[in-house]
Number of protein chains: 2
Amino acid sequence: MKKNEISIPNSEWAIMEFLWEKAPMTVTQIAKAMEEQTGWTKSTTKTLVKRMTAKGLLRVKEGEKAREYYPAIPRSEAVLAETESLLARLYNGSLGLMVNTLVEQKSLSRRELEELRAILDKMERVK
Amino acid sequence: MKKNEISIPNSEWAIMEFLWEKAPMTVTQIAKAMEEQTGWTKSTTKTLVKRMTAKGLLRVKEGEKAREYYPAIPRSEAVLAETESLLARLYNGSLGLMVNTLVEQKSLSRRELEELRAILDKMERVK
DNA sequence: TCGCTAGGGTTACAGGTGTAATCCTATCAT
DNA sequence: ATGATAGGATTACACCTGTAACCCTAGCGA
């Protein structure tokens, strides 16, 4: 609906994560990793890789033996997009509201609060 | 995959939000609201409401004229679930990592940082 | 040389999601 | 009394996602 909502479905995230980590890889290599990690057959991985390439999530480079795939977008970008989308949807775009909610739900421990504060301190010093 | 991943798709969120806000409402009332807000026809809304009821997202009470619908789960619960799911997927479960990332991406302004800090202060005092 | 495997392509298929149309009955308002 | 609505049920249909199987060819190792 939106213009360029990246939106990466679950199974594709697994492959993205792998590629963000391991640079260019061939389908077989990806398939091997996914097989261990998720139990998918080679077929499944191949299908996903093809879809992702079609969608523009992956880029290909013809290699000696086989094509090599790598992510077409940086992880940071994908993560940011998803995060902001959730923030907007659930918290009216306000991170403060989110933290607030998490704490109230007891979903954040005192320790985590301290940690957060430390992060803020560091951030502010740098800025 | 998970056990009871609530997982509420986009279009259904719209209806949930409306119901969380406006308590019990009949399909027609919901449809009216959705029509204004999203342009859906009555048909679409009815379909969604039925699905959601089947899924257990909505509860029904037979009313005089028509059935009245209301959310089967509190907003806080849904929001928390979605939030933690995202946190786990993208940030290894760490809110600190998320804030960190947002700031680095310049996606958080100094003002928002201050606001966050204020929230933390208040939280800690209360705890 | 012969079979196994990697590299690639094509096809399948069920369940979920977005978005509706159609049809029937009871009722309200003119 | 009649036509416009509301309440409700049923059916449709395309696209996306999760998961695969099948098929063919070229090359590698025994």
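Just so it is clear, the structure is predicted and the values come from calculations on it, not from any experiment.
- Per the geometry, OH belonging to A/Tyr69 stands 13 Å off C1' belonging to C/dA6, to the nearest Å.
- A/Thr44 has a side-chain polar atom (N or O) that falls below the 4.0 Å cut-off from OP1 or OP2 of D/dA20.
- Comparing A/Ile8 and B/Ala66 by the nucleotide of DNA chain D that holds the closest heavy atom to each, the one mapping nearer the 5' end is B/Ala66.
- Side-chain contact check for A/Thr47 and A/Thr44: no donor-acceptor pair (N or O, by modelled atom type) lies under 3.5 Å.
- Side chain of A/Asn10, nearest nucleotide from D/dG18, D/dA9, D/dA6: D/dG18.
- Counting only heavy atoms from C-beta on, B/Thr41 has its side chain closest to C/dA20 among D/dT19, C/dA20, C/dG9.
- Candidate nucleotides D/dA6, C/dG8, D/dT17 were compared by shortest atom distance to the side chain of A/Ser7, and D/dT17 ranks first.
- Taking only side-chain atoms of A/Lys65, from C-beta outward, the nucleotide of C/dG8, C/dT19, D/dG27 with the closest atom is D/dG27.
- Within the 4.0 Å cut-off from OP1 or OP2 of C/dA6, not a single side-chain nitrogen or oxygen of A/Lys46 is found.
- In this structure, B/Ile30 is not a member of the same hydrophobic cluster as B/Tyr70, with clusters built from ILVMFWY side-chain heavy atoms closer than 4.5 Å.
- Between B/Lys55 and B/Ser43, the residue anchored closer to the 5' end of DNA chain C is B/Lys55, taking for each the nucleotide with the nearest heavy atom.
- For the pair B/Arg51 and C/dG15, the criterion of a side-chain N or O lying under 4.0 Å from OP1 or OP2 is not met.
- Protein atom CG of B/Leu58 is 16 Å distant from nucleotide atom C1' of D/dG8, rounded to whole Å.
- The separation between A/Glu64 atom CD and D/dA26 atom P is 18 Å, rounded to whole Å.
- For the side chain to side chain contact (heavy atoms under 4.5 Å, CB included) with B/Val79, the lone residue among A/Leu86, A/Leu97, A/Leu90 that qualifies is A/Leu90.
- Considering only side-chain atoms of B/Thr47, the nucleotide from D/dG8, C/dA20, D/dA20 that sits closest is C/dA20.
- Across the protein-nucleic acid pair, B/Arg67 atom CZ and C/dA26 atom C1' stand 14 Å apart, rounded to whole Å.
- As a whole-Å value, the separation of B/Lys42 NZ from D/dA9 C1' is 17 Å.
- Atoms CE (A/Met34) and P (D/dT19) sit 13 Å apart, rounded to a whole Å.
- Within the nucleic acid shown, A/Lys50 comes within 4.0 Å of at least one base atom, counting heavy atoms only.
- Following rounding to the nearest Å, A/Lys61 (NZ) and C/dG8 (P) show an atom-to-atom distance of 14 Å.
- Between A/Glu12 and A/Arg51 no salt bridge is recorded (no basic side-chain N to carboxylate O distance below 4.0 Å).
- When rounded to the nearest whole Å, the span between CD1 of A/Ile30 and C1' of C/dG8 equals 14 Å.
- Although no hydrogens or angles enter the test, the distance criterion places a donor-acceptor pair under 3.5 Å between the side chain of A/Thr53 and the main chain of A/Val49.
- Listed for the A/Gln29 side chain is a donor-acceptor partner under 3.5 Å among the backbone atoms of A/Thr26.
- OP1 or OP2 of D/dA6 lies within a sub-4.0 Å distance of a side-chain N or O belonging to B/Lys32.
- Here the side chain of A/Trp40 is nearest to one of D/dG27, D/dA20, C/dG18, namely D/dA20.
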